[in-house]
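Hydrogens, waters and symmetry mates are skipped; everything else that's a heavy atom, side chains included, is used.
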Amino acid sequence: MNIRKWFHLFWTTLLIGSAGGVAAGLALQGISGAVSFHSLTDSFLYALILFGYGMLVSVYSQLGFFAYLILNYMGFGVFPRKIWQYIQLALAVISLFDLIFLRSFVGGERSLISDLTLGLSILFSAIAVAYFKVRETNASAWIPTFFFMTGITIVEMIGVLRIGVDNATLFIVVPLIACNAFQILRLHHIVRPAAGSSG
């Protein structure tokens with residue numbers, strides 16, 4: 001691991017977040033048509049705003065990623081490896097259950113369909129990312145990856161979840177999941193010693 005690799009991760013994640021922000025914004029615009037464009041300049045400025053918004057989501061995602069790395073390091077220091085794995089799995093399940101069911105039951109104004117769709121989208125994304133992570137590393141990476149893609153992603157979304165607007169949620173969840181997936185799948189490449197290096 002070195003500064004060059006982390007710098008590369010930062011900029012590539014930034015670009016992925018920007019692309020995700022543009023994709024989510026254009027998809028919402030195509031579905032709802034909420035923004036009216038009067039010229040080509042308006043369209044360009046809108047895409048530029050989406051690009052910048054995606055960059056902000058990317059930075060937020062990277063802060064969450066580093067917070068997860070610290071949490072994971074501390075977890076392994078406090079608990080035995082097996083126990084910490086079970087704790088992560090339990091936290092992932094609780095966070096998904098809270099997102100899908102508790103918000104709708106406790107807050108009656110919420111739509112169960114919206115929360116169910118969001119929760120299942122995060123769940124399937126987490127399973128897919130964990131599958132590819134295990135293929136590239138080993139079976140022990142499944143639970144940490146699943147926890148990061150569910151529990152940490154949901155914690156990162158708390159601000160927009162409080163707003164309770166589906167379009168705003170979609171606007172952040174697309175680049176956020178894309179950035180989180182990219183970072184966790186690249187992690188083992190960053191920490192892997194370079195070929196021929198000693199120690």
Side-chain angles (χ1 to χ4, degrees), residues 4-69 92 95-96 99-100 103 110-111 113-133 145-187 189-190:
R4 183 181 59 82
K5 288 183 177 180
W6 282 115
F7 190 71
H8 175 74
L9 179 69
F10 173 80
W11 284 107
T12 49
T13 306
L14 208 66
L15 292 175
I16 286 174
S18 299
V22 171
L26 294 180
L28 286 173
Q29 175 64 18
I31 294 171
S32 63
V35 181
S36 57
F37 302 116
H38 302 291
S39 67
L40 188 61
T41 304
D42 290 346
S43 302
F44 176 76
L45 288 176
Y46 180 68
L48 194 61
I49 291 171
L50 294 177
F51 190 85
Y53 175 80
M55 291 178 69
L56 292 177
V57 174
S58 164
V59 172
Y60 189 60
S61 167
Q62 293 184 61
L63 289 174
F65 181 62
F66 284 111
Y68 163 73
L69 293 179
S95 61
L96 281 169
L99 175 65
I100 296 174
R103 290 202 323 139
R110 287 295 310 157
S111 166
I113 299 299
S114 296
D115 287 343
L116 185 62
T117 302
L118 176 61
L120 290 178
S121 299
I122 293 174
L123 173 62
F124 292 141
S125 299
I127 292 173
V129 173
Y131 169 77
F132 286 110
K133 182 72 173 182
T145 303
F146 183 76
F147 168 65
F148 175 71
M149 291 300 300
T150 54
I152 301 300
T153 298
I154 291 171
V155 168
E156 290 172 334
M157 292 171 52
I158 285 177
V160 75
L161 291 176
R162 287 178 176 170
I163 297 174
V165 178
D166 291 340
N167 284 354
T169 302
L170 181 63
F171 202 34
I172 193 174
V173 75
V174 171
L176 188 60
I177 288 179
C179 290
N180 284 349
F182 176 75
Q183 290 177 102
I184 199 69
L185 289 174
R186 290 295 302 168
L187 179 61
H189 295 286
I190 293 173

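To the nearest 0.5 Å, atom CZ of residue F147 and atom CD1 of residue I152 are 4.0 Å apart. Rounded to the nearest 0.5 Å, atoms CG (L96) and CZ (F146) are 5.5 Å apart. Between the CG atom of L120 and the OG1 atom of T117 there is a distance of 7.0 Å, given to the nearest 0.5 Å. Within the model, atoms CG of L14 and CG of L56 stand 9.0 Å from one another, a figure rounded to the nearest 0.5 Å. Atom CG in L48 sits 15.5 Å away from atom OH in Y53 (nearest 0.5 Å). I127 contributes atom CD1, which lies 12.5 Å from atom OG1 of T145 (distance to the nearest 0.5 angstrom).
Considering only heavy atoms from C-beta on, L118 comes within 4.5 Å of M157 through its side chain. When side chains are defined from C-beta on, V129 does not count as touching F148, because their heavy atoms never get closer than 4.5 Å. Between F182 and L9, some side-chain heavy-atom pair lies under the 4.5 Å cut-off. Proximity of Y68 to I184: side-chain heavy atoms (C-beta onward) are separated by under 4.5 Å at one or more points. The side-chain heavy atoms of W11 and L15, taken from C-beta on, include no pair separated by under 4.5 Å. Contact of the V59 side chain with the M55 side chain is not registered, since no non-hydrogen atoms from C-beta on lie closer than 4.5 Å. Side-chain atoms of I177 and M149, non-hydrogen and from C-beta on, do get closer than 4.5 Å to each other.
Here the closest heavy-atom approach between residue P175 and residue G21 is recorded as CB-N, 3.8 Å. When every heavy atom of K133 is checked against every heavy atom of L187, the shortest pair comes out as NZ-CB, 4.0 Å. In this structure, Q183 and S61 approach most closely via the heavy-atom pair NE2-OG, 2.9 Å. The shortest heavy-atom contact between A92 and T150 is CB-OG1, 3.2 Å. Minimum heavy-atom separation, L170 to A24: O-CB, 4.1 Å. Taking all atoms of both residues into account, the shortest heavy-atom contact from L26 to L50 is N-CD1, 3.9 Å.
Heavy-atom neighbours of Y131 OH from other residues, nucleotides or ligands within 6.0 Å: at or below the threshold of 12. Other residues, nucleotides and ligands contribute more than 12 heavy atoms inside 6.0 Å of the CZ atom of F10.
Contacts of T153 classified as side-chain hydrogen bond (donor to acceptor under 3.5 Å, both in side chains), with partners at least two apart in sequence or in another chain: N180. Residues satisfying the ring-ring contact (aromatic ring centres under 6.0 Å, His included) test with Y60, not counting sequence neighbours, are none. By the side-chain hydrogen bond (donor to acceptor under 3.5 Å, both in side chains) test, S58 pairs with Q62, sequence neighbours left out.
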